[in-house]
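Quick note: numbers below take in every heavy atom, side chains included, and nothing from hydrogens, waters or symmetry partners. Just so it is clear, the structure is predicted and the values come from calculations on it, not from any experiment.
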Amino acid sequence: MADERGRSALLVLADGRFPAGSHAHSGGVEAAVAAGRVRDAATLGAFCRGRVHTAGLTAAGLAAAAAYGEEAGHDPLVLDALADARTPSPALRATARRLGRQLMRAARAAWPGPDLDALAAARPRGAHQPVVLGVTARSAGLGPADAAHCALYEAAGGPATAAVRLLGLDPFEATAVLARLAPELDALAETAVRAARDGPEALPAASGPLLDIGAEAHAAWPVRLFSS
């Protein structure tokens with residue numbers, strides 16, 4: 001985790017007001033609401049728990065690995081290819097690269113550095129967001145655990161925030177969902193960091209088929225509140 005010198009950078013990176021584009025995405029909860037799977041705080045909690053244990057854990061592993069850097073054997077371009085392989089939905093692949101491109105713009109303004117420049121040059125249309133997140137954490141002086149925590153918090157926080165708008169959910173209840181998940185997020189972050197430390201072949205590849213199916217259906221909607 002961040003030491004005293006890096007804690008403020010971690011707060012900036014995890015802040016929902018950081019202009020990385022995630023506010024325009026629901027993390028799959030808009031499709032889940034339309035399908036009736038998310039109706040209230042209890043079902044939102046179940047959705048977020050499922051998401052962090054699947055897509056969230058996978059993203060956290062990639063982010064932690066990218067934060068370790070090439071000297072630890074983690075080439076961000078290889079990680080980007082691994083992210084592609086772990087994202088079967090074309091809609092979600094496009095979303096991940098779009099979010100990665102937006103995060104890259106914000107990161108290079110906030111914490112410019114050669115690692116970000118090299119990744120931006122190699123992937124001008126955007127690398128996968130978790131990979132960019134890990135390289136950003138590294139450029140900000142943060143570590144793999146910080147990157148993993150950011151990825152997991154975003155995996156739950158995005159849907160929780162979106163559900164407030166989609167359902168008219170009480171913001172206090174949505175925040176309580178995140179608070180109750182906190183111990184699981186900590187444990188999953190430790191799992192992600194251990195996997196990243198063990199090498200690319202150990203990175204999580206958990207899947208969420210309903211998230212993939214929902215993303216493909218959502219992408220075809222003519223009218224929607226969120227981009228994904």
Side-chain angles (χ1 to χ4, degrees), residues 10-35 37-41 43-63 83 86-87 89 91-104 106-107 126 128-134 136-137 146-182 184-185 188-189 192 206 208 210-212 214-215 217-219 221 224-228:
L10 175 59
L11 293 174
V12 171
L13 184 57
D15 192 335
R17 292 165 293 186
F18 190 70
S22 60
H23 66 280
H25 297 265
S26 78
V29 82
E30 185 168 23
V33 167
R37 292 192 297 274
V38 174
R39 304 175 301 278
D40 50 24
T43 50
L44 173 63
F47 176 89
C48 289
R49 177 169 287 106
R51 192 166 193 270
V52 298
H53 280 271
T54 54
L57 176 59
T58 299
L62 291 163
R86 286 160 167 73
T87 313
S89 162
L92 288 181
R93 285 199 298 273
T95 294
R97 292 195 180 279
R98 188 161 60 247
L99 286 170
R101 186 167 63 248
Q102 179 67 18
L103 175 57
M104 179 66 77
H128 276 258
Q129 192 267 0
V131 178
V132 180
L133 175 60
T136 297
D146 302 309
H149 274 90
C150 281
L152 286 160
Y153 180 75
E154 183 177 286
T161 300
V164 173
R165 296 174 62 185
L166 290 163
L167 294 170
L169 194 65
D170 186 335
F172 294 117
E173 292 185 345
T175 299
V177 166
L178 297 178
R180 285 191 288 269
L181 279 175
E184 290 180 59
L185 299 185
L188 288 168
L210 276 178
L211 291 174
D212 297 330
H218 185 271
W221 292 1
R224 55 192 184 227
L225 184 60
F226 292 92
S227 295
S228 71

Ignoring hydrogens and geometry, is there a side-chain-to-backbone donor-acceptor pair from Ser26 to Phe226 under 3.5 Å?
-> no
Spatial distance of atom SG (Cys48) from atom CG (Leu178) [nearest 0.5 Å] | 6.5 Å
So Val33 and Phe47, side-chain contact (heavy atoms from CB on, under 4.5 Å) or not? Walk me through it.
-> CA-CA 10 Å; Val33 167; Phe47 176 89; over 6 Å; no
Looking only at heavy atoms, what is the nearest atom pair of Leu152 and Ala189, with distance?
-> CD1-N, 3.3 Å
Heavy atoms, side chains only, cut-off 4.5 Å: are Leu133 and Leu13 in contact?
-> yes
Any side-chain heavy-atom pair from Leu103 and Leu99 closer than 4.5 angstrom?
-> no
Show your reasoning for whether side-chain contact (heavy atoms from CB on, under 4.5 Å) applies to Leu57 and Val52.
-> CA-CA 6 Å; Leu57 176 59; Val52 298; over 6 Å; no
Could you check Leu167 against Asp40 for side-chain contact (heavy atoms from CB on, under 4.5 Å), going step by step and ending with a plain yes or no?
-> CA-CA 8 Å; Leu167 294 170; Asp40 50 24; 6.0 Å; no
Is there a donor-acceptor pair closer than 3.5 Å between any side-chain N or O of Asp15 and the backbone N or O of Phe18?
-> no
Any donor-acceptor pair under 3.5 Å linking the side chain of Arg51 with the backbone of Gly27?
-> yes
Please, which pairs that meet side-chain hydrogen bond (donor to acceptor under 3.5 Å, both in side chains) have at least one residue in residues 153-182, sequence neighbours excluded?
-> Gln129-Glu154
Heavy-atom closest pair (Arg49 atom, Leu181 atom, distance to 0.1 Å) is NH2-CD2, 3.7 Å
Side chains of Arg39 and Leu44: closer than 4.5 Å at any heavy-atom pair?
-> no
Considering all heavy atoms of both residues, which atom of Pro130 and which atom of Ala59 are nearest to each other, and what is their separation?
-> CB-O, 3.5 Å
Would you indicate whether the side-chain heavy atoms of Thr43 and Arg37 approach each other to under 4.5 Å?
-> no
To the nearest 0.5 Å, atom CD of Glu30 lies from atom NE2 of His218 at 3.5 Å
Taking the side chain as every heavy atom from C-beta outward, state whether His128 and Leu62 have any pair of such atoms under 4.5 Å apart.
-> no
For Ala34 and Trp221 the tightest heavy-atom approach is CB-CH2, 3.5 Å
Non-hydrogen atoms of His25 and Ser227 that approach each other most closely | CE1-CB, 3.5 Å
Nearest atoms (heavy-atom pairs only) where Ala91 meets Ala215 = CB-O, 3.8 Å
